2 protein chains.
Amino acid sequence: MSHKSDIEIARDANKKPIQEIGARLGIGSEHLLPFGHDKAKVSQDFITSVQGNKTGKLILVTAINPTPAGEGKTTTTVGLGDGLNRIGKKAAICIREASLGPNFGMKGGAAGGGYAQVVPMEDMNLHFTGDFHAITAAHNLLSAMIDNHIYWGNALDIDPRRVVWRRVMDMNDRALRDVVTSLGGVANGFPRQTGFDITVASEVMAILCLATSLADLERRLGDIIVAYTRDRKPVTCRDIKADGAMTVLLKDAMQPNLVQTLENNPAFVHGGPFANIAHGCNSVMATSTALKVADYVVTEAGFGADLGAEKFMNIKCRKAGLAPDCVVLVATCRAMKMNGGVPKGDLGAENVEAIRKGCPNLGRHIQNVKSFGVPVVVAINHFVTDTEAEVQAVKDYVESQGSEAILCQHWAKGSEGTEALATRVAQIADAGVSQFAPLYRDEMPLFEKIETIAKSIYRADEVLADAKIRNQLHDWEEAGYGDLPVCMAKTQYSFSTDPHLRGAPTGHSVPVREVRLSAGAGFVVVICGEIMTMPGLPSVPASENIRLNEGGQVEGLF
Amino acid sequence: MSHKSDIEIARDANKKPIQEIGARLGIGSEHLLPFGHDKAKVSQDFITSVQGNKTGKLILVTAINPTPAGEGKTTTTVGLGDGLNRIGKKAAICIREASLGPNFGMKGGAAGGGYAQVVPMEDMNLHFTGDFHAITAAHNLLSAMIDNHIYWGNALDIDPRRVVWRRVMDMNDRALRDVVTSLGGVANGFPRQTGFDITVASEVMAILCLATSLADLERRLGDIIVAYTRDRKPVTCRDIKADGAMTVLLKDAMQPNLVQTLENNPAFVHGGPFANIAHGCNSVMATSTALKVADYVVTEAGFGADLGAEKFMNIKCRKAGLAPDCVVLVATCRAMKMNGGVPKGDLGAENVEAIRKGCPNLGRHIQNVKSFGVPVVVAINHFVTDTEAEVQAVKDYVESQGSEAILCQHWAKGSEGTEALATRVAQIADAGVSQFAPLYRDEMPLFEKIETIAKSIYRADEVLADAKIRNQLHDWEEAGYGDLPVCMAKTQYSFSTDPHLRGAPTGHSVPVREVRLSAGAGFVVVICGEIMTMPGLPSVPASENIRLNEGGQVEGLF
């Protein structure tokens, strides 16, 4: 077994020209807009041309609630994609792009790990194909046009106190969270308190990831509510006349990016909305395109299944007309032990009892996924210290839940380690047993949608929301937004809103602190707890140690 | 003659794959990092490999003081490059990249015009190869790290009132000129008044354009002064430990971009620093690389020759060891008439007398350029309404100044219209008569450098500066910055600091309002008048009319 680091493995990758990867999916080089020799965007013309193709099987990779032990959701997505190709299937994966800002905070980045990675890793953790920069520019153009409109006479009668559209930057910069702009006198406009979010929190990001075409993108951008008048009437991006120019800025960013895994299998890496105030999945454009050129598409959703899979099903699949054929739920022995009460420092020691105690977290996710009518397989992502007894304990538990668990060793062995999983997943997907349906109907009142998720998925007893919030939801229903899905923003560490409550809690309450309307993205954000939309840097940021070494390679980014 | 618009001509361009353009310069496709099929970055490895080649001839295109009539400096640069190729010379052009922000303000953009353009025009006016986004990210990472340093204990003892490093955005957004950051309580840091500049005004932009290697880039970034301590000691980017990560963010942006003219001749388009608070030329990397792969390199400098050519000679050439072989000074009959007092509305009518009256502006630029020891040719950029008598008047005047003027019709005819100019420029460059020397020695005291430019180039009687400014210059000399060149920031519309004073004024004074040290870029900025570093949008910004048409083409950007 290798002792190389992720970055060493990635640097040793034997990459093929991206045209070869595209050719395997039937994408001619004239339809690949290259970015370097190992990245390309797939042309809109090509995407249009394959709409008549049959649709491949869609496999979602999700996970238990994340623990500090790590589960390896992206790693498993990559490993499963490679595994499917290994057993002779035409498979592609779809994952999210990395945000630039956080890479300079904590040592991070990477797309997958070990021998289950997507490359070129460095580019993917830096500017990649510029999509996030385009989103930043489009978002901030709208911001500038709003203040400019007010400056030049405010014909729309915007209440400067009720401008809800902030600015964004792809950077961890706490100093920008809360700012006053337009100081300095007459020439600079009317002072206003506002702030910056990180780019992945932009509604433009969510829109780009849900839009099905450039026309749909422009319509959704136009629908964004940017401010309210003094008599509380919404002012949209379309009123500001920014939708056209924003679409122009985003036209290339809308095209999915194609790269490859270490095993030279196709990987679409496109979009990356927050998994709390947005839906946390890669773009519909990427997933839909992949389904037209591959027989199996493996994708993932942010955080654990209570947030990620729920939103994937209730928002992305509902809106894009997608239906998963199989769900893979990633768990690790270590994470089960942490759910069973073992502190991180003691994870190295065998503890079958703790695993049995922690497994109900996994069990509830299994049941939740099944409630969408989709078959589920548990992937046990193997870690070197896992004992046979521990692995068996997880398998036994999963079987007791009427499901099955398969040990995977893709981190150490690449696709060889996921042959069993890939074989079983392909069987299930091919069997066509999935009877996917979202959890609630479009017509259900907004508050009931929240209650449905809280009770069915989180197993809470009740949703707490004061009259102001209920009235706000009612007003939006009156205004025609009642048929939107809800996008839950709560801690990813627990089924409850208390991050320290591991396992499978019941009897808890879900307090709603705030609701926000993302009219362009097409969902109502329901905030249950502290949600940070602009991170800060730690006391010793990773950026202090990031530099080019003498060979011109990037050090410290991973 | 065609009546197509610039954008129609650009869309009809018969572009060749960028690999073919590179091949003509001996750049193998493995050394071209493609961005789409019509743009590429030239690899650092290739640049290193050609350092032993002989150096081509360098031709600078500059102009009279700009008037609302327009001179067509970039158009002439493109036309001359095409003309040199037409007469069988191996020539390349080097121009600046466009800034994104201003394109959404006034209808603008474009690189050249008529049949003398660089393509792909749309990309060049949008994200291009992402260089400016990389500069924005690198600049703002430093900003975030400064505030983060203060937040976590301020070990460097930075005086928060004396943080001189602002933030940047590639957007015309007056609301960001003057802001207070870090509001909102303990978690967001210490409130501070600061602001945003447009990205082209960033010192990082100036540094990228003057750096000769990635190591030089990192050193210069480290030298940036970002703040002062309470006892007025400078704090650098190196102290903040941001130089390594910024270099990583800029590593691809440092590689010059290769595109093509409408006539499929090579064009390097790289970097774009402000021409007032910075030096206003494309990157040294691009110019130096072009000189190693082409026999003739045509480049340009921002604004008129009093600012652009002066900085090209005294800053860029001095620092990069470049020496121009010939200067082309662009003038138009219309601009001469405006200098002669004709209002814009009356420019259509023949007025030889006004031309004679306006020509001294041109004459002084001729003399100024000659004072650097470089031969000069005047290019009369032909406009359809120009009469023969008007053109002859300009020619006669130029001859009386001991120089020569050549009529050019590249706008209407492409390279056919610059054959005569190209032939003459090549003769001059080949003759090796240039005896280039900067205007002042490195060792000259800073204030004397300012006086030298004001008296020799602007023909002012005196430089006015109060004791505070003179003391500041003296302090910098004491601190070891005395050998830096000065970078003059004044109006481009006049030799004087009064934008309304056309022609060739004498006897005026140059008041210095402020001096700034750009220690990383390596110059002292001398501000003589109002300099706007963050533009605003007009009452009806161009962005309101920018959109994709049904054919997917961009409308309203040009």
Side-chain angles (χ1 to χ4, degrees), chain A residues 33-37 44 100 104 126-127 130 133-134 137 140-141 143-145 147-148 151-153 169-184 187-189 192-193 214 218 241-242 244-245 247-249 251-252 536-537 539 541 543-548 552 554 556-557, chain B residues 33-37 44 100 104 126-127 130 133-134 137 140-141 143-145 147-148 151-153 169-184 187-189 192-193 214 218 241-242 244-245 247-249 251-252 536-537 539 541 543-548 552 554 556-557:
Chain A
L33 205 76
F35 283 71
H37 302 289
Q44 187 59 53
L100 186 62
F104 298 109
L126 290 169
H127 308 292
H133 290 318
N140 291 334
L141 173 63
S143 312
M145 288 178 76
D147 277 309
N148 191 59
Y151 178 85
W152 287 105
M169 192 180 277
D170 197 1
M171 194 61 67
N172 285 19
D173 191 349
R174 68 171 66 75
L176 294 178
R177 287 174 188 156
D178 192 343
V179 307
V180 170
T181 57
S182 297
L183 295 170
N188 297 352
R192 218 164 51 69
Q193 192 161 8
L214 283 168
E218 184 163 16
K241 299 180 184 166
T247 304
V248 167
L249 279 168
K251 71 181 172 63
D252 295 338
L537 292 169
S539 58
S543 50
E544 290 190 4
N545 296 305
I546 294 173
R547 57 183 62 246
L548 292 179
V554 179
L557 185 56
Chain B
L33 204 75
F35 282 71
H37 302 289
Q44 187 59 54
L100 186 61
F104 299 109
L126 289 169
H127 308 291
H133 290 318
N140 292 334
L141 173 63
S143 311
M145 288 178 75
D147 277 309
N148 192 58
Y151 178 85
W152 287 105
M169 192 180 277
D170 196 1
M171 194 62 68
N172 284 19
D173 191 348
R174 69 171 67 73
L176 294 179
R177 285 173 190 156
D178 193 342
V179 306
V180 171
T181 57
S182 298
L183 297 170
N188 297 350
R192 218 165 49 71
Q193 191 161 10
L214 283 168
E218 185 163 15
K241 299 180 185 165
T247 303
V248 167
L249 279 167
K251 71 182 171 61
D252 294 337
L537 292 169
S539 58
S543 49
E544 291 190 4
N545 298 305
I546 294 173
R547 56 184 62 245
L548 292 179
V554 178
L557 186 57

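Keep in mind that what you see is a predicted model, and the values were worked out from it rather than measured. Protein chains get the first letters and strands the later ones, always in sequence-line order, with residue 1 at the start of each.
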Quick one: closest heavy-atom pair of B/L548 and A/T247, and the distance? CD1-CG2, 3.9 Å
Segment of B/Q193 engaging chain A (4.5 angstrom heavy-atom cut-off): side chain
Give a yes or no on whether the backbone of A/T181 and the side-chain of B/R177 come within a donor-acceptor separation of less than 3.5 Å. no
Contact class of A/N148 relative to chain B, heavy atoms under 4.5 angstrom: both
Return the OH to CG distance between B/Y151 and A/L537, rounded to the nearest 0.5 Å. 11.0 Å
Would you give the length of the straight line joining atom CG of B/D178 to atom OG of A/S182, rounded to the nearest 0.5 angstrom? 9.0 Å
Turns out that what part of B/D147 lies under 4.5 Å from chain A's heavy atoms comes down to side chain
Name all residues meeting the side-chain contact (heavy atoms from CB on, under 4.5 Å) criterion together with A/E544; count only those two or more places apart in sequence or in a different chain, and write none if there are none. A/V540, A/P541, B/M145, B/K241
Portion of A/L249 that has a non-hydrogen atom of chain B nearer than 4.5 angstrom: both
Restricting to non-hydrogen atoms, name the atom on B/A245 and the atom on A/S543 that form the minimum distance, rounded to 0.1 Å. CB-O, 3.5 Å
Tell me, do A/V179 and B/V180 make a side-chain contact under 4.5 Å, heavy atoms counted? no
Separation between CG of B/L176 and CG of A/N140, rounded to the nearest 0.5 Å: 8.0 Å
Looking at chain A, which one of B/A144, B/A175, B/G536 has the largest number of heavy-atom pairs inside 4.5 Å, strictly under? B/A175
For A/H133, all residues meeting ring-ring contact (aromatic ring centres under 6.0 Å, His included), sequence neighbours excluded: A/H127, B/H133
Can you tell me which portion of A/F35 sits under 4.5 Å from chain B's heavy atoms? Options are side chain, backbone, both or neither. both
Can you name the closest pair of heavy atoms from B/P34 and A/H37 and give their distance? CD-CE1, 3.7 Å
CE (A/M169) and CE (B/M169) are apart, to the nearest 0.5 Å, by 5.0 Å
Heavy atoms only, distances under 4.5 angstrom: which of A/L33, A/N545, A/L183, A/L100 has the most pairs with chain B? Name it, please. A/L183
What part of A/L141 lies closer than 4.5 angstrom to a heavy atom of chain B: side chain, backbone, both or neither? both
What part of B/A137 lies closer than 4.5 angstrom to a heavy atom of chain A: side chain, backbone, both or neither? both
Quick check for you: among B/G130, B/G552, B/A187, B/S143, which has the greatest number of heavy-atom pairs under 4.5 Å with chain A? B/A187
Among A/V554, A/D173, A/D252, which residue has the highest count of heavy-atom pairs closer than 4.5 Å to chain B? A/D173
Is chain B contacted by the side chain of A/A134, its backbone, both, or neither, given a heavy-atom distance below 4.5 Å? both
